[in-house]
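Data first, discussion second: the structure below is written as structure tokens.
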Amino acid sequence: MTAGESSGSVVRRILLGSQLRRLREARGITREAAGYSIRASESKISRMELGRVSFKSRDVEDLLTLYGVTDEAERAALLSLAKEANLTGWWHSYSDVLPGWFQTYIGLEGAASLIRVYEVQFINGLLQTEAYAHAVVERGLKAAAGRGAGGKVSQADIDRRVALRLERQKLLVSERAPQFRCVLDEAALRRPYGDREVMRGQIQHLIEISERPNVTLQVMPFTFGGHAGESGAFTMLSFPESDLSDVVYLEQLTGALYLDKREEVAQYERAMAELQEDCPDPADSRDLLRGLLQLT
């Protein structure tokens with residue numbers, strides 16, 4: 001299975017969930033009643049409609065009957081979508097080190113046609129060198145382990161997480177690579193992860209990858225002062241499917257938020273547009289990176 005096929009399964013799950021929700025609402029059926037019809041809870045129906053869980057063909061058949069969908073062609077199409085939505089993604093082989101809340105993100109990331117990000121703490125994962133990623137992952141795991149455990153972490157754990165990150169990065173150089181637009185706060189470039197050589201290698205990599213036709217990289221310099229990214233890092237994902245709305249991804253310490261309400265997405269859309277407008281353009285941002293390289 002290719003990365004595109006496995007990532008597409010996440011999108012299909014969300015699309016199927018959305019269609020089931022519309023069918024249910026059109027018939028005026030509550031989630032509680034829908035759940036009862038398939039021997040499940042109201043929360044299970046909610047998770048299905050949000051595309052957060054896999055689908056059993058029997059459950060989909062029963063729901064379609066409840067919602068009055070009798071046309072065989074329509075039923076067959078939706079059942080086929082359910083089958084495709086249950087394909088296992090490539091990232092499931094990393095489930096031993098991959099939080100459940102991040103699996104959905106990887107699937108969406110792989111299916112997106114446009115990825116827009118703002119980062120302030122460190123370099124975005126899709127742009128990290130292996131050495132820099134190693135330093136970031138090690139620091140994060142030690143922080144999670146806490147002082148009580150002496151900050152000790154498994155080297156195998158670190159290597160697995162870094163391998164996962166490097167696998168994700170193949171997306172940017174694949175045949176179906178998305179457009180990737182990234183704004184890096186200067187703080188992310190000046191905060192050291194690893195030693196001097198690691199940072200020099202990371203900055204040089206940013207200069208090189210920013211030359212790719214599908215990558216737009218801008219740096220928000222300290223000299224600009226306050227800006228539209230005051231609420232912190234965020235990622236926006238857009239998809240080629242017209243039925244799938246944009247998603248804003250906000251990562252937290254122990255989980256993540258996925259926002260898709262139009263008014264919420266619109267606010268992040270405006271913030272991203274302002275950030276891109278206020279930053280030096282990509283060519284000037286590369287000059288800024290070259291200047292930092294000389295100082296590192």
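None of these values were measured; they are calculated from a predicted model. All values below were derived from every heavy atom in this structure, side-chain atoms included, with hydrogens, water molecules and symmetry-related copies excluded. Residues: numbered from 1 along the sequence shown.
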With a 3.5 Å distance limit and no angle check, can you tell me whether R196 reaches the backbone of T296 through a side-chain donor-acceptor pair? yes

How about N214 and Q179: does a side-chain donor come under 3.5 Å of a side-chain acceptor? no

Got a sec, which residues hit salt bridge (Lys or Arg N to Asp or Glu O under 4.0 Å) with E138, two or more places apart in sequence or on another chain? K142

Is there a donor-acceptor contact under 3.5 Å linking the side chains of D62 and S37? no

Carboxylate-amine/guanidinium proximity below 4.0 Å for R270 and E274: no

Set of side-chain hydrogen bond (donor to acceptor under 3.5 Å, both in side chains) partners for R139, sequence neighbours left out: none

Side-chain donor or acceptor of D185 paired with backbone N/O of A188 under 3.5 Å: no

The test is salt bridge (Lys or Arg N to Asp or Glu O under 4.0 Å); show your working for D246 and R116 and say whether it passes. CA-CA 11 Å; D246 289 357; R116 288 169 287 180; 3.7 Å; yes

Output every pair passing ring-ring contact (aromatic ring centres under 6.0 Å, His included) with a member in residues 196-232, not counting sequence neighbours, ordered by first then second residue. Y118-H227

Given 3.5 Å as the limit, does a donor-acceptor pair link the side chain of S174 with the main chain of L171, or not? yes

My understanding is that only residues two or more places apart in sequence, or in another chain, count here; which of them pass salt bridge (Lys or Arg N to Asp or Glu O under 4.0 Å) with R165? none

Is the closest basic N to carboxylate O distance between R161 and D157 below 4.0 Å? yes

Give me each pair satisfying ring-ring contact (aromatic ring centres under 6.0 Å, His included) with a member in residues 265-296, each pair once, sequence neighbours excluded. F234-Y268

Hey, are Q204 and E208 close enough side-chain-wise for a donor-acceptor pair under 3.5 Å? yes

Quick one: pull up CD1 in I29 and CG in L23 and give me the separation to the nearest 0.5 Å. 9.5 Å

Partners meeting salt bridge (Lys or Arg N to Asp or Glu O under 4.0 Å) with K83 (sequence neighbours left out): none

Does T129 offer a backbone N or O that forms a donor-acceptor pair with the side chain of Q202 under 3.5 Å? yes

Are a donor atom and an acceptor atom from the side chains of R52 and S46 found within less than 3.5 Å of each other? no

Can you list everything that forms a salt bridge (Lys or Arg N to Asp or Glu O under 4.0 Å) with R200? Sequence neighbours excluded, please. none

With sequence neighbours excluded, tell me which residues meet ring pair (Phe, Tyr, Trp, His ring centres under 6.0 Å) with F102. Y105

For Q121, side-chain hydrogen bond (donor to acceptor under 3.5 Å, both in side chains) partners two or more places apart: Y193

Residues N124 and Q128: side-chain donor-acceptor under 3.5 angstrom: no

Sequence neighbours left out, what pairs pass ring-ring contact (aromatic ring centres under 6.0 Å, His included) with at least one residue falling in residues 45-68? none

Under the ring pair (Phe, Tyr, Trp, His ring centres under 6.0 Å) test, residues paired with Y258 that sit two or more places apart: Y249

Non-neighbouring partners of R160 that pass side-chain hydrogen bond (donor to acceptor under 3.5 Å, both in side chains), sequence neighbours left out: D96

Note: K56-E61 ion pair, threshold 4.0 Å (strictly below): no

I'd like to know if R13 pairs up with E84 as an ion pair, taking the criterion as any Lys NZ or Arg NE/NH1/NH2 lying under 4.0 Å from an Asp or Glu carboxylate oxygen. no

